[in-house]
Amino acid sequence: MAETKTTCPYCGVGCGVIVQHDGATISGVRGDPDHPANFGKLCSKGSTLHLTLNPAARIVQPEMRTAKNVARHAASWEDALEHVADKFAQTIRDHGPDSVGFYVSGQLLTEDYYVFNKLAKGLIGTNNIDTNSRLCMSSAVAGYKVTLGADAPPCSYEDIDHADCIFIVGSNAAFAHPILFRRIEAAKEKNPQLKIIVADPRRTDTSEIADLFLQITPGSDVALFHGLLHLLVENGHIDRDYIAAHTDNFAAIEQTVAGYSPDKVSSWCGVPAEMLREAASILGFAPCVLSLYCQGLNQSVHGTDKNAALINLHLAMGKIGKPGCGPFSLTGQPNAMGGREVGGMANLLSAHRDLANTEHRAEVAALWGVDHVPEKPGKTAVEMFDAVAKGEIKCLWIACTNPAQSMPDQNLVRAALETAELVVVQECFANTDTVVYADVLLPTTTWGEKDGTVTNSERRISRVLPAIAGPGEARHDWRIAIDFARVLAGKLGKDAARLFPYETAEQIWNEHRESTRGRDLDITGMSYAMIEAAPKQWPMTEGATSGKASLYEDGIFPTANGRARFHDCVFRETAETPVDLFPLRLTTGRLRDQWHGMSRTGLVAQLFSHAPEPMLGLHADDMAARGLADGDVARVSTRRGAMNVRVATSAEVKAGVVYLPMHWGSQFMSGSGINVLTTGVFDPVSKQPELKHSAVQVARVNMVWQMTAMCAVSDPQELMFRLSPFLKRFDYASLTPAGSAQAAVILRAFHSLVPESSLIDELDAILNLGSDNCDVVLDDAAAGVSKRARLQDEKLVAFRLAGEAMAGEWLKDFVISGAGVSAVWPWLFAPSAKPPAGQVSRGRIVCSCHDVAESAIVACLREGNALAMVQQKLKCGTGCGSCVPELRRMARDVAPAVVSTELLAAE
């Protein structure tokens, strides 16, 4: 068995992964113990990466159609690229270069990004190239640039080990960056004096570690930061010598925050004034303060202000540029940083150059050997789909991203995709929402097959090495871009050989490396061989032996005068505020075991164990006011659209706030997914939309009929594809895989009317649950109830409960456990949500790694076991460790008298 080093394709922590394979098939993964991002640890998602390369889910050959009303057909690469190049060339001739656009991804490698950027700006002559990084990191970039002068996070992960106070705001790191959170937990255990402050609208798993939790009103971050700065000034906890020597504009911000008294900030943020004073005291007295932040600040119409206002705190205290200090933006994607390094966005150029800068455009034009780089700003993500909808952009190329799930205002986005004259989708998975809109579909390699580099949150560049070849005719993303560029160049009368001479990823990276010479991210001291041996941080100039872990140690910043600048702004409300028609605040976030639109994690059944279906979380008061009970279906409405979803009482949110995870799209539920609700209104500087907040109404929907159907399978994906059309045939439905050792597929459906029997017959045929194939059948036409079960060797392998489905949850346990049903045979179709006497429903799975259920953990705690003993007995929390915060909470709530402060270290 061979082993190859690569990186994890999920969050921006950039964990090193060792892939186990035989040259043709990947059989397993483990964390790379030598990689400084994770030192051998992997989260629940990373540890199951080998399970995501499902052949049934892959695109293996090009497909195309020449008209919107016909199905795509298989095509050769030559025919597909020729067709696209003809259409692009004709459109450019007829309507100009800005009539085409590229929407790419923070999951591309740096080399992929570089070629796409050169293709758009160098060959075609348009700046209409943007990325899904616009949805996650552009406000962080803007915040760094308006204060510190460059898109350069000044910190490293090792700062966690040196901090006296960690301020986590707008980030549920326990779910979104779990390996980094393990490091925070370890730092807290090693240094009990370390103070942790968490600010978030939700009481998340991250808040479990907090010494002080500030449950703020959504969108009130600027008020919070200004209020803290007000108190730091009042308490004499600012460093006026540092301010005078290294910054500008403090007088303006000092005057502004003078109006942010604790009482006023308390009214805006919903946090008691005494808690604000306590937070300011902790920040002020701590010698070293490290701030960690993410989408809660970024995905806002005022995201730039939020980021900059937080950075203001560090500048005012002088707590930046030294170990354990600084504002540290956590990257949301594996290579959002690399994409920005090569300028792969509508307002950027290579090596952190700005499109608006005449000298910068001339430098890039000289590097590329073109006459000029276009000056006109390109369309950013939201603007791009608006332009497609209006017919301004006629040809759209989408690479490695799923805008039909992830973009806000889905009704507009999907209408745009239907309007475009040509949609090219470059993708590895066939299960994304965007694939159905493709006129041309191009198969790509994916994790485990790709070749290039990525840059993580701490500016560390890692080599991505292929363990196996891609399936069928799949090509690397950079290879596809080059192949297309060479065909298109000929049709535009340009020299393809000169512009795109590359035959390897390393050749592309070498050109990118040269573009950084003399820039803030100078990597001229690196080579492929060096970063393959060990990942390196930038900057690392030619002749240097290592990169820099910390920036701005000398107090000199990459601004015109070398001084940082305080950003003077005021608190402003969210784009939408609650009104009578939409009285609730919707906020969104991540699940622990899923990532983005679940095109990859959605292939792994065990990753659905912790959160098995979409659920809208509401405070108990808001549930009661609407007559809602757990499991009911509700209609969630905004100014843009509406969707049906099941609801659950949540202790995480305050009254007036509701929560829905961001991942759910039309592959897993009826409708267009949660982003049919979110707004496309964006920050005027960063152009990042306010995905984190919408004003909504929630109302109960009377569903007279429900159904649960489940079938054990060896490969859920094939059955998921066959069942997915049923999602559109019910008022509400969800379709998900389940199980661990034994996988299964579950279809849950609710309808306001009793469906035609023919619809159920269609479903039964797919699940092999026709009357002739079933071992147990119940039909009660008068009651509107129909039930089926199929057994194999006395084990339940499939069932369908229609009209009444309360037993679905405990029957699910029998399907995925493989336990015999002889003891419960008389109760298989009983209308009861509880299993028969003597049986215990496992309930929700807490530990995905070891398949440990909530019921088992609670029982073990109630026996008087300390948490460490529970872990030893059940193994929960001893794998990736992602469930440890939840285990702590359960131990506190279930058996407070026996909680041990000692936890088994995650392996």
Side-chain angles (χ1 to χ4, degrees), residues 28-31 38 40-49 51 172-186 188-189 203-209 590-594 601 604-612 651-652 737-743 809-810 812-813 816-819 840-907:
V29 294
R30 61 186 177 93
N38 59 314
K41 294 182 172 63
L42 290 176
C43 70
S44 58
K45 301 179 286 292
S47 61
T48 55
L49 273 166
L51 302 177
N172 184 13
F175 279 18
H177 298 90
I179 297 305
L180 192 72
F181 194 72
R182 302 285 82 76
R183 192 159 184 166
I184 296 171
E185 290 175 319
K188 180 72 168 175
E189 184 176 355
R203 185 175 287 278
T204 65
D205 274 24
T206 300
S207 71
E208 288 299 310
I209 202 172
R590 296 176 187 264
L591 294 172
R592 189 190 73 190
D593 298 340
Q594 299 293 352
T601 54
V604 183
Q606 71 189 63
L607 294 182
F608 286 81
S609 299
H610 188 246
E652 292 185 348
S740 183
Q742 174 59 65
E809 287 306 304
W810 63 266
K812 178 181 76 171
D813 291 342
I816 61 181
S817 69
V840 178
S841 177
R842 297 188 75 210
R844 190 171 55 88
I845 301 300
V846 173
C847 177
S848 297
C849 295
H850 295 289
D851 195 35
V852 184
E854 183 177 26
S855 57
I857 298 167
V858 169
C860 199
L861 286 167
R862 285 178 175 165
E863 290 172 359
N865 292 295
L867 183 51
M869 183 57 66
V870 173
Q871 291 184 270
Q872 184 173 332
K873 287 184 174 183
L874 302 180
K875 304 302 181 187
C876 50
T878 63
C880 73
S882 295
C883 62
V884 167
E886 186 170 0
L887 293 174
R888 284 198 183 99
R889 183 172 64 252
M890 292 176 67
R892 181 195 66 213
D893 295 344
V894 173
V898 296
V899 175
S900 169
T901 58
E902 299 180 21
L903 287 172
L904 293 181
E907 295 175 347

Checking the side chain of Asp205 only, and the main-chain atoms of Ala174 only, is there a donor and an acceptor separated by less than 3.5 Å? no
CG (Asn865) and CD1 (Ile857) are apart, to the nearest 0.5 Å, by 12.0 Å
Going by heavy atoms in the side chains, are Glu854 and Met890 under 4.5 Å from each other? yes
Looking at Arg592 and Phe175, what are the two nearest heavy atoms and their distance? N-CD2, 3.3 Å
On a heavy-atom basis, the closest approach of Gly739 and Ser609 is O-OG, 4.1 Å
If I compare all heavy atoms of Cys860 with all of Leu874, which pair ends up nearest, and what's the gap? CB-CD1, 4.1 Å
To check you understand the geometry: which heavy-atom pair defines the closest contact between Ala605 and Ala743, and what is its length? CB-CB, 4.1 Å
With no hydrogens and no angle check, just 3.5 Å: does a side-chain donor-acceptor pair link Glu886 and His610? yes
Nearest atoms (heavy-atom pairs only) where Cys880 meets Leu42: CB-O, 2.9 Å
Using 0.5 Å steps for rounding, measure from the NZ atom of Lys41 to the CZ atom of Arg30. 14.5 Å
Do the non-hydrogen side-chain atoms of Val846 and Cys876 ever get within less than 4.5 Å of each other? no
According to side chain to side chain donor-acceptor pair (under 3.5 Å), who are the partners of Asp593, at least two apart in sequence or on a separate chain? Ser44, Ser848
Kindly compute the distance separating CD1 (Ile184) from NE2 (His177), expressed to the nearest 0.5 Å. 10.5 Å
Arg590 and Asn172, any side-chain heavy atoms less than 4.5 Å apart: no
Cationic N near anionic O, under 4.0 Å, Glu208 to Arg892: yes
Are Leu607 and Thr601 close enough that some pair of their side-chain heavy atoms sits under 4.5 Å apart? yes
Would you say Ser855 and Arg844 make side-chain contact, with heavy atoms under 4.5 Å? no
Donor-acceptor contact below 3.5 Å, side chain Arg842 vs main chain Lys812: no
With sequence neighbours left out, the residues meeting side chain to side chain donor-acceptor pair (under 3.5 Å) with Lys875 are none
Could you tell me if the side chain of Leu887 sits less than 4.5 Å from the side chain of Val870, heavy atoms only? no
Checking Thr206 side chain against Ala173 main chain: does a donor-acceptor pair fall under 3.5 Å? yes
Point-to-point distance, once rounded to the nearest 0.5 Å, from CG of Asp851 to CD of Gln742: 12.0 Å
Counterpart residues, side chain to side chain donor-acceptor pair (under 3.5 Å), relative to Gln606 (two or more places apart): none
salt_bridge(Lys188, Glu185) N-O dist < 4.0 Å: no
All heavy atoms of Asp813 vs all of Ser841, minimum pair found to be OD2-OG, 3.3 Å
Would you sort out whether Ile179 and Cys43 count as a side-chain contact (heavy atoms from CB on, under 4.5 Å), showing the intermediate values? CA-CA 6 Å; Ile179 297 305; Cys43 70; 4.2 Å; yes
Can you tell if the side chain of Ile209 reaches within under 4.5 Å of the side chain of Phe181, non-hydrogen atoms only? yes
